[in-house]
There are 2 protein chains.
Amino acid sequence: MEKYEKFGTKEKILDSALESFSTSGFDATSLDVIAKSLGVRKQTILYHFTTKKGLLNAVVERAAENLIDSIEEVLNSDLKGWERIEALARMIFRLALREPLLLGLLREVSRPGSVGSERLKILMTPLMDRATLWMQSEMRVGRMRRTDPRLVILSAYSTVVGLATEIEVLRAAGIEQALRPVAIRRRELMRFLRVSLDPDYLQSR
Amino acid sequence: MEKYEKFGTKEKILDSALESFSTSGFDATSLDVIAKSLGVRKQTILYHFTTKKGLLNAVVERAAENLIDSIEEVLNSDLKGWERIEALARMIFRLALREPLLLGLLREVSRPGSVGSERLKILMTPLMDRATLWMQSEMRVGRMRRTDPRLVILSAYSTVVGLATEIEVLRAAGIEQALRPVAIRRRELMRFLRVSLDPDYLQSR
DNA sequence: CTATTTCCTTACCATTTGGTAAGTTTAACT
DNA sequence: AGTTAAACTTACCAAATGGTAAGGAAATAG
């Protein structure tokens with residue numbers, strides 16, 4: 001019987017759980033199945049995370065760290081106004097493509113009332129507040145059009161989440177080269193953001 | 001003990017199941033709970049639908065009938081080319097607003113691999129084929145730009161499904177007046193369709 | 001070498017789940 | 001009235017699930 005490799009059991013559990021949660025959903029995920037797939041007993045999982053919900057929270061948390069790090073990177077750049085937003089959007093789409101499981105998890109956890117949606121809310125609220133404040137200050141100095149920041153942010157958010165559905169649906173329909181729709185979505189989101197926020201953007205009504 | 005009302009038990013089961021499936025999901029839905037909420041025994045449900053999956057299929061089927069009827073109505077109108085598409089899009093958004101549970105169900109059932117996704121596929125395929133054929137013929141006579149019809153249709157589809165997420169997320173964030181985002185989405189979808197399909201539409205690149 | 005903590009296992013359990021089998025009641029038909 | 005079929009119920013059950021309790025191995029510390 002081989003002994004425990006360098007990347008600890010805990011990490012492997014998280015990986016496997018992410019996969020299962022994001023593709024099959026929380027309820028359809030069985031601790032026994034995860035354990036078996038790792039050649040480990042269910043109680044090992046419960047030892048590390050005490051409860052199934054705890055496991056989900058840990059998965060969400062790790063994913064959020066991943067995301068927040070990437071966001072931080074953009075925020076620490078010296079991009080201003082519109083360019084900053086554009087960079088953020090690009091970053092998120094890049095991340096979504098590189099790490100599709102994150103999208104699936106986001107989708108799973110986004111349904112209000114679902115287990116883990118509270119956790120998501122807790123993690124997102126600071127980001128949301130920060131973004132809101134920044135946008136408001138940008139609006140004050142006229143670098144941004146005046147609108148409801150929350151509405152814009154949440155719409156952008158749900159565009160990204162919706163992307164998960166789209167990619168999966170297209171793949172299920174046998175359309176493998178799914179990059180084009182993603183690019184289209186990104187363009188759409190950009191336009192939406194531009195129309196909503198960029199004061200220098202000429203509007204066609 | 002009151003006796004069975006005019007709208008039979010079967011219909012009431014379907015109503016309740018639709019509600020539960022579309023808000024809590026398939027796995028999180030328990031037959032016992034549905035039964036209890038209707039003041040009926042679980043075996044009554046199984047008598048009418050033999051299995052849980054059968055119940056889901058019946059729910060999906062009824063919802064699809066609902067949808068297909070509405071589609072049929074538009075298709076039987078004498079609208080041509082672009083106007084026809086616009087009418088379809090309007091109809092779907094109207095339906096989605098009037099019957100939010102349908103959106104939730106669609107969302108639940110859209111995830112590939114989910115129980116009921118096969119059924120959805122079976123129901124959608126004829127519609128899809130019909131739409132594809134029509135679009136191809138429109139393309140041949142030059143009333144529509146040449147693109148991949150499936151891609152366009154599926155993108156439109158996932159926009160609508162994504163709407164379910166968006167509405168729920170906004171509501172969870174306490175934004176009640178959720179009509180504006182819906183209108184925005186519809187405009188976006190229209191523009192997407194127009195850009196993809198309308199040969200007379202001036203493109204800005 | 002011993003004590004302790006970390007990590008993981010065996011054993012067990014209460015509950016819930018979808019589902020089967022076999023009535024029982026109600027309505028419909030003849 | 002008697003037969004039949006439909007609609008529901010009571011009685012059960014096997015399987016799976018998340019979780020508790022307690023103990024064993026293995027590394028680490030003293």
For residues 149-157 of chain B, which side-chain N or O atoms pair as donor and acceptor with protein atoms under 3.5 Å away, sequence neighbours left out?
from   : atom 1 : to     : atom 2 : distance (Å)
B:R150 : NH1    : A:A173 : O      : 3.3
B:S155 : OG     : A:E166 : OE2    : 2.9
B:S155 : OG     : B:L151 : O      : 3.2
B:Y157 : OH     : B:S110 : OG     : 2.5

B:K36 NZ to C:dT17 C1': how many Å, rounded?
13 Å
Which parts of residues 22-33 of chain A get close to DNA chain D, meaning a heavy atom less than 4.0 angstrom away?
A:T29, A:S30, A:L31
Sequence neighbours left out, what passes side chain to side chain contact (heavy atoms under 4.5 Å, CB included) with A:R140? Give chain and number order.
A:S137, A:R146
Under the ring pair (Phe, Tyr, Trp, His ring centres under 6.0 Å) definition, can you give me all pairs with a residue in residues 19-51 of chain B, not counting sequence neighbours?
B:F21-B:F26
Without decimals, in angstroms, what is the distance between A:R41 CZ and C:dA11 P?
11 Å
Send over the distance from A:L55 CG to D:dG18 C1', rounded to a whole Å.
12 Å
Got a sec, which pairs hit salt bridge (charged side-chain N to carboxylate O under 4.0 Å, His left out) with one end in residues 69-84 of chain A, sequence neighbours left out?
A:E72-A:R130
Rounding to an integer number of Å, can you tell me how far B:I34 CD1 sits from C:dT17 C1'?
13 Å
Test of understanding: with side chain to side chain contact (heavy atoms under 4.5 Å, CB included), list the residues that count as partners of B:I92, not counting sequence neighbours.
B:V160
Sequence neighbours excluded and cut-off under 3.5 Å, please list the side-chain donor-acceptor pairs for residues 96-107 of chain B, or say none.
from   : atom 1 : to     : atom 2 : distance (Å)
B:R107 : NH1    : B:T165 : OG1    : 3.0
B:R107 : NH2    : A:R107 : O      : 3.0

By side chain to side chain contact (heavy atoms under 4.5 Å, CB included), which residues pair with A:K53, not counting sequence neighbours?
A:T51, A:N57, A:V115, A:E118
Strand contacts (DNA chain C) in residues 43-53 of chain B, 4.0 angstrom heavy-atom criterion
B:Q43, B:L46, B:T51, B:K52
Between the main-chain N or O of B:E19 and the side-chain N or O of B:T23, is there a donor-acceptor pair closer than 3.5 Å?
yes
Spacing of B:L56 atom CG relative to C:dG18 atom C1', expressed in whole Å
14 Å
To the nearest angstrom, how far is B:K42 atom NZ from D:dA11 atom P?
14 Å
Can you see if the side chain of A:T9 gets near the phosphate of C:dC7 - specifically, an N or O under 4.0 Å from OP1 or OP2?
no
